[in-house]
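Quick caveat: nothing in here was measured; it's all calculated off a predicted structure. What's counted below: heavy atoms across the whole structure, side chains too, no hydrogens, waters or symmetry copies.
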Amino acid sequence: MAKANADKLRRLRAWVQNYDWGRCGLEAQVARLLALNSGAEIEPDRPYAESWMGTHNSGPSFLADEEDENVGLKEWIGKNPNVLGRKVLEKWGADLPFLFKVLSVAKALSIQAHPDKELAKELHKLQPNLYKDGNHKPEMALAITEFRALCGFITLEELKGVLEDVPEIVELVGTASANQVLDIDERDGAETVKSALRSVFTQLMSASKEMTIKAISKLKNRLHIQSQLRCLTEKEQLVLHLEKQYPGDIGVISAFFFNYVKLNPGEALYLGANEPHAYLSGECIECMATSDNVVRAGLTPKHRDVQTLCSMLTYKQVQIFNQGFEHFQFGHK
C-alpha cells in the first residue's frame, strides 16, 4: 500500500517571485527551498519573496519527474482530473482550487485588500492587465518565524484616541471629518460608526502627495522630539520604521488606523474578502483561493487603486489582544 501511494506522488517545481520586499539570498526561506527544489544557484543580493505551488498563470508549478518533466501542473491535472477527488471536481472542475505559498518578508508589503467574487469578476473585466482573474482570494497565513502584520481597523475608542493624539492626521482629513468620528457614540449604531470610519479613511487615503509629505515630515519631527521625553508606543515606532522604507507614503500615517498584530511561529491569521491588511516582516506559509487579485493603496511603488480599495472595504472594527492566541479571523470564511 505504501509503495502504491508513493507511485502516485508527483514532484513539483515551484515558481519563485522576486518582489523587492523579499529577503535577500539565503536569509530567505524561499531561497533555501528553491535551492533544494531545483538546485538553482542563489544570488546573495537578490530578493526571494514568494514560492508558489499551484496552477495560477501568474506563477504556475511544473512537474519535475523525468516522465513528465516541464509539464505544467494545470495541464497535468487537466489530463488526470481524478487526482482531485470527486467532491473537488464537482465543485471546482478540473483545476486546483487553492494556491499554496511560502513568504519571506523583509520589507512591508502594500496596504491592500482582496475583492470578493462579484467585484473580482468586474475588476477583471474592466482591467484584466491589473486584475489577473475573476476569482476571490480569501487567505490564511501561518507563521513559521515571528510574523508581523497590519490587519483590520482598530476599534472606535482606539480611533478616537488616534485622532486626539495624532494632529497630522486631522490636518489631512480635515476637522469636520475628524469631529464626525469624535462625536459618535457606540449607541449611534454600527452603520453610523462604519459610515464615519469610511469617510475619514477615504479622506486620509485621498490626500494629495504634497500634503502627505508635509504631514509625515511634521509627524516624524514631533515623534523624534517626544522620544527624548517618553517611550514611544509600538505603533509610533512602527510608523517611523515604515517611513524609512516608504518615505512620504500615505501608507505610513494610515498605519495608525489598523491593528498591529504579532504572530509567533505556529499562530495563524485568516483574512476574508475586502479586509485591509499589510504584512510587515517575517516568514509564513499561506493558503488561499487560486487568485492573484490585489487592490493596493499605500506602501507600494506599484499601481494604486485608492477609490476601489476605499469603496470595497467592510470597515469592520476588531479589538486585538496580542498575548496567547492561536489564530485571528478577519471577515467571513
Considering only heavy atoms from C-beta outward, does the side chain of Arg198 approach that of Val193 to under 4.5 Å?
no

Do the side chain of Tyr315 and the main chain of Cys310 share a donor and acceptor less than 3.5 angstrom apart?
yes

Within residues 219-242 or reaching into it, pairs that qualify as ring pair (Phe, Tyr, Trp, His ring centres under 6.0 Å) - sequence neighbours excluded:
none

Do Pro265 and Ile144 have side-chain heavy atoms sitting under 4.5 Å apart?
no

Residues at least two apart in sequence or cross-chain that pass side chain to side chain donor-acceptor pair (under 3.5 Å) with Gln317, listed by chain then number, are none

When the ring planes of His277 and Tyr279 are compared, do they come out parallel, tilted or perpendicular, using 30° and 60° as the limits?
tilted

Any donor-acceptor N/O pair, Glu236 side chain to Thr233 backbone, under 3.5 Å:
yes

Side chains of Leu313 and Phe153, heavy atoms from C-beta outward: is any pair under 4.5 Å?
yes

Do Arg86 and Glu90 meet the salt-bridge criterion of a basic N to acidic O distance under 4.0 Å?
yes

May I have all residue pairs that pass salt bridge (Lys or Arg N to Asp or Glu O under 4.0 Å) and include part of residues 17-39, sequence neighbours excluded?
Arg23-Glu283

Output all residues satisfying side chain to side chain donor-acceptor pair (under 3.5 Å) with Asp292, sequence neighbours left out; order by chain, then residue number.
Ser58

Less than 4.0 angstrom from a charged side-chain N to a carboxylate O is my criterion; do Arg148 and Glu234 meet it?
no

Nearest atoms (heavy-atom pairs only) where Gly25 meets Tyr48
N-CD1, 3.8 Å

With sequence neighbours excluded, what pairs up with Asp185 under the side chain to side chain contact (heavy atoms under 4.5 Å, CB included) test?
Arg187, Asp188

Using side-chain heavy atoms (C-beta onward) and a distance below 4.5 Å, is Leu219 in contact with Phe256?
yes

With a cut-off of under 6.0 Å to the ring centre and 45° to the axis, is Lys107 in cation-pi contact with Tyr246?
yes

Checking Thr55 now: which residues fulfil side chain to side chain donor-acceptor pair (under 3.5 Å) with it, not counting sequence neighbours?
Asp95

